[in-house]
Amino acid sequence: RKWCGAAVDKVKCPGDEQHAQKVKQIAAMYNLQTVFVACAPEFMKHTLEFMRRLNPHLQFRDFRAEEEPFRSHPDVVGVAEQQICVEAAVFIGNAWSTWTRTVQELRHTSGQKCTTTHMWGMDRSWCPKDS
């Protein structure tokens, strides 16, 4: 969300409540109990706190570069997060993010059902036309 800055475009840059509501909706749809959040902690601190308050029945996980095993290799956090998102049962991302687009493409090429990939502000499938 760093690139959102003071953006007022709520589709590209949803607020904390929109994030939490989307997670709640998707978790209920797929009967999820654990949610992994892949985002730099400095951009997600308040959003993650809001998600936990609104979704007390869900467990939230994330990686922190200052914790083991990443402390001595903080540069691999993004790659590890990306791989978890590629292999996840369900993925929610921001369609305007190149990082998200990479995850979506890797999910598609690795055989994940495109219907399990969701984007902020979009209520349609993220399936390629040939799927």
Side-chain angles (χ1 to χ4, degrees):
R1 293 187 355 158
K2 177 181 179 182
W3 52 269
C4 287
V8 293
D9 186 336
K10 297 301 178 190
V11 173
K12 290 183 182 178
C13 302
D16 292 345
E17 186 170 356
Q18 288 84 11
H19 276 111
Q21 290 292 350
K22 183 74 166 189
V23 168
K24 185 176 187 174
Q25 171 195 4
I26 300 298
M29 185 185 311
Y30 292 95
N31 198 28
L32 302 176
Q33 298 171 356
T34 303
V35 175
F36 178 78
V37 179
C39 188
E42 63 268 23
F43 305 130
M44 280 299 279
K45 184 175 193 267
H46 299 292
T47 299
L48 194 52
E49 290 171 5
F50 197 90
M51 278 190 207
R52 285 183 172 128
R53 276 197 312 268
L54 190 64
N55 299 292
H57 62 287
L58 293 174
Q59 291 183 339
F60 289 90
R61 305 273 191 245
D62 66 344
F63 284 154
R64 299 182 188 275
E66 66 273 7
E67 296 175 359
E68 291 301 336
F70 303 109
R71 184 176 301 148
S72 54
H73 304 286
D75 53 323
V76 300
V77 172
V79 174
E81 288 177 330
Q82 192 172 53
Q83 192 59 37
I84 287 171
C85 292
V86 168
E87 296 179 15
V90 179
F91 173 70
I92 305 171
N94 186 324
W96 291 269
S97 160
T98 55
W99 190 90
T100 291
R101 184 64 184 188
T102 300
V103 169
Q104 182 270 331
E105 288 173 359
L106 289 169
R107 286 176 62 81
H108 179 68
T109 58
S110 68
Q112 289 283 7
K113 290 181 179 178
C114 64
T115 55
T116 62
T117 299
H118 301 270
M119 299 295 159
W120 302 118
M122 295 184 163
D123 293 325
R124 64 173 176 76
S125 171
W126 193 253
C127 298
K129 290 180 180 156
D130 62 348
S131 292

Could you tell me whether the side chain of Glu105 reaches within less than 4.5 Å of the side chain of His108, counting heavy atoms only?
->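 Not touching, per the 4.5 Å side-chain cut-off.
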Quick one: do Tyr30 and Val37 end up in the same hydrophobic cluster if we chain Ile, Leu, Val, Met, Phe, Trp and Tyr together by side-chain heavy atoms under 4.5 Å apart?
->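 Yes.
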Could you pull out all residues at least two apart from Gln83 that satisfy side-chain contact (heavy atoms from CB on, under 4.5 Å)?
->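 Listed in chain order: Val86, Glu87.
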List for me each residue that meets side chain to side chain donor-acceptor pair (under 3.5 Å) alongside Arg61, sequence neighbours excluded, and say none if there are none.
->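 Here the qualifying residues are Gln59.
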Side-chain (Arg107) to main-chain (Ala88) donor-acceptor, under 3.5 angstrom | yes
State whether the side chain of Thr102 and the backbone N or O of Thr98 hold a donor-acceptor pair below 3.5 Å, judged by distance alone.
->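 Yes: the side chain of Thr102 pairs with the backbone of Thr98.
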At what distance, to the nearest 0.5 angstrom, does [atom1] of [X] lie from [atom2] of [Y]?
{"X": "Leu32", "Y": "Asn55", "atom1": "CG", "atom2": "CG", "result": "11.0 Å"}
{"X": "Asp62", "Y": "Glu81", "atom1": "CG", "atom2": "CD", "result": "8.0 Å"}
{"X": "Gln25", "Y": "Ile92", "atom1": "CD", "atom2": "CD1", "result": "8.0 Å"}
{"X": "Arg52", "Y": "Glu49", "atom1": "CZ", "atom2": "CD", "result": "8.0 Å"}
{"X": "Cys85", "Y": "Gln112", "atom1": "SG", "atom2": "CD", "result": "11.0 Å"}

Name of the residue among Val23, Val35, Leu58 meeting side-chain contact (heavy atoms from CB on, under 4.5 Å) with Met51 =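 The side-chain contact (heavy atoms from CB on, under 4.5 Å) with Met51 is passed solely by Val23 among Val23, Val35, Leu58.
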Apply the test side chain to side chain contact (heavy atoms under 4.5 Å, CB included) to residues Gln82 and Ile84: give CA-CA distance (whole Å), side-chain angles for both, the deciding distance (0.1 Å), then the verdict.
-> CA-CA 5 Å; Gln82 192 172 53; Ile84 287 171; over 6 Å; no
I would like to know whether Lys24 and Gln21 meet side chain to side chain contact (heavy atoms under 4.5 Å, CB included); could you show each step before the answer?
-> CA-CA 5 Å; Lys24 185 176 187 174; Gln21 290 292 350; 4.2 Å; yes
Relative to the ring of Phe91, is the ring of Trp99 parallel (under 30°), tilted (30 to 60°) or perpendicular (over 60°)?
-> tilted
Salt bridge (charged side-chain N to carboxylate O under 4.0 Å, His left out) partners for Glu17, two or more places apart |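 Glu17 satisfies salt bridge (charged side-chain N to carboxylate O under 4.0 Å, His left out) with no other residue.
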Heavy-atom pair with the smallest gap, counting every atom of Thr116 and Lys113 |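 Shortest heavy-atom contact: OG1-O, 2.7 Å.
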